[in-house]
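Read the structure below first, then the notes.
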Amino acid sequence: MRVLVTNDDGIDSPGLLALAERVTRAGHEVVVAAPAEESSGSSAALQAVDEGGRIQMAERRLGSTDTTAFAVSATPAFIVLLATRGAFGPEPDVVLAGINRGANTGAAVLHSGTVGAALTAVANGCPALAVSLDVDPNTEEANWDTAAEIAVDLLPMLTGGFALNVNVPDVPAGDLRGVRRAHLAEFGIVQMTLREQGEGFVRMSLEQVGDVAEPGSDDGWLLDGYAAVTPLFPPGEAADVELPGIVDTAGEHIGG
């Protein structure tokens, strides 16, 4: 397969390199296109730096590999959109986003640039997977290869119509307890909180608000030492929601 590897941590992220190298070793044709600068928290935003309407990108050498890589002045979702239009050569058969530095679980997936890239791919007809490693953002060493291995193992499950959101504990592969399907945690154990407020400013921070996660949730399986896999649909119509008094396109009142 032709695989586009992208991320939201930027072109110089070690997780991006680890994923691209592992997919290449699996025998797939890999092209890397990632933000020139960190783009975390960008969700599925379509933003780019342009000059005269031209989005800037530079070809780069990725580590010691011969993989074609582009540093693009755009958000991950925009990069995926460009890829599906042939901006980096033939359209990809599949998109892999990651490996993100830090977990993307629960309601926080709404804001993740990694997950936003995967959902944008699916919305444009391309199967996709987002993979994150539950690592301390400040650490220098991490088990990127564990997450990369899980991502490659899950490639055959990418059949289109949905994205897989994968969260992997930061442990050596031999210490991983297994892989489990998980639901999105309703309330994650790590949440955004207001840390400081003063005249003309506020300061936010991510803080752990508990030690117990919902059983069967992505947070729960991570805490238990398992990789958590959650299928996600891109945004779509909530067709079953009743809107009393509002007329639909067929001239019928929705909800009676």
Side-chain angles (χ1 to χ4, degrees), residues 3-26 30 32-42 60-65 67 69 71 76 95-106 108-109 111-118 128-155 164-180 182 185 188-192 205-208 211 213 217-230:
V3 180
L4 172 72
V5 177
T6 190
N7 72 348
D8 71 0
D9 290 324
I11 190 71
D12 295 316
S13 166
L16 181 78
L17 175 60
L19 184 57
E21 288 181 335
R22 182 63 188 86
V23 178
T24 299
R25 290 199 304 273
V30 175
V32 173
E37 304 290 340
E38 183 173 344
S39 195
S40 297
S42 59
R60 293 275 293 273
R61 182 177 181 84
L62 193 67
S64 60
T65 72
T67 300
V95 169
L96 299 183
I99 301 166
N100 190 69
R101 184 184 289 274
N104 279 309
T105 59
V109 299
H111 310 292
S112 165
T114 304
V115 177
L129 177 151
V131 57
S132 304
L133 187 67
D134 188 23
V135 62
D136 183 336
N138 298 314
T139 189
E140 293 297 325
E141 299 296 328
N143 292 281
W144 301 112
D145 289 343
T146 304
E149 192 71 34
I150 293 294
V152 169
D153 287 347
L154 292 173
L155 274 174
L164 288 183
N165 185 43
V166 184
N167 286 280
V168 182
D170 183 22
V171 297
D175 294 338
L176 187 68
R177 297 184 66 186
V179 181
R180 294 291 185 269
I189 61 172
V190 177
Q191 297 182 15
M192 183 74 75
S205 67
L206 287 172
E207 296 183 5
Q208 185 166 322
D211 297 319
S217 71
D218 42 16
D219 273 335
W221 286 122
L222 270 180
L223 285 176
D224 286 342
Y226 292 87
V229 181
T230 307

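Without hydrogens or angle criteria, S132 side chain to N167 main chain gives no donor-acceptor distance under 3.5 Å. Listed for the D8 side chain is a donor-acceptor partner under 3.5 Å among the backbone atoms of T114. T146 places a side-chain N or O within donor-acceptor distance of the main-chain N or O of V171, the cut-off being under 3.5 Å.
Legend: residues meeting side-chain hydrogen bond (donor to acceptor under 3.5 Å, both in side chains) with N7, ordered by chain and number and at least two apart, are absent. Shown here are the side-chain contact (heavy atoms from CB on, under 4.5 Å) partners of A228, two or more places apart in sequence or in another chain: A182, D218, W221. For E38, the side-chain contact (heavy atoms from CB on, under 4.5 Å) partners two or more places apart in sequence, or in a different chain, are D9, S40. Applying the side-chain contact (heavy atoms from CB on, under 4.5 Å) criterion to D134, with sequence neighbours excluded, gives A103, L222. Among residues two or more places apart in sequence or in another chain, the side-chain hydrogen bond (donor to acceptor under 3.5 Å, both in side chains) test is passed with D153 by none. Under the side-chain hydrogen bond (donor to acceptor under 3.5 Å, both in side chains) criterion, S112 pairs with N104, not counting sequence neighbours. A search for side-chain contact (heavy atoms from CB on, under 4.5 Å) contacts involving A142 returns L133, V135, W144, D170, not counting sequence neighbours.
Scanning both residues, P76 and A117, for their nearest heavy atoms gives CB-CB, 3.8 Å. When all heavy atoms of A33 and T6 are compared, the closest pair comes out as O-OG1, 2.7 Å. Annotation for A185 and D219: closest pair CB-OD2, 3.7 Å, computed over non-hydrogen atoms. Listed here is the closest heavy atom pair of V152 and A26: CG1-CB, 3.9 Å. In terms of heavy-atom proximity, I99 sits nearest to A18 at CD1-CB, 4.4 Å. Heavy atoms only, all atoms of each residue included: I11 and A36 are closest at CG2-O, 4.2 Å.
To the nearest 0.5 Å, atom CG of residue L155 and atom CD1 of residue I150 are 11.5 Å apart. The CG atom of N165 sits 8.5 Å away from atom OG1 of T105, with the distance rounded to the nearest 0.5 Å. Taken from CG in L96 to CZ in R22, the straight-line distance is 11.5 Å, to the nearest 0.5 Å.
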Using residues 172-180 as the side-chain source, report each donor-acceptor pair under 3.5 Å to any protein atom, sequence neighbours left out, with the distance given to one decimal.
residue: R177; atom: NH1; partner: D224; partner atom: O; Å: 2.9

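Between V166 and L129, some side-chain heavy-atom pair lies under the 4.5 Å cut-off.
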request  = Check step by step if side chain to side chain contact (heavy atoms under 4.5 Å, CB included) holds for D12 and R60.
outcome  = CA-CA 10 Å; D12 295 316; R60 293 275 293 273; 2.6 Å; yes

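Evaluated for a side chain to side chain contact (heavy atoms under 4.5 Å, CB included) with T24, the options V5, V32, T67 yield exactly one hit, T67.
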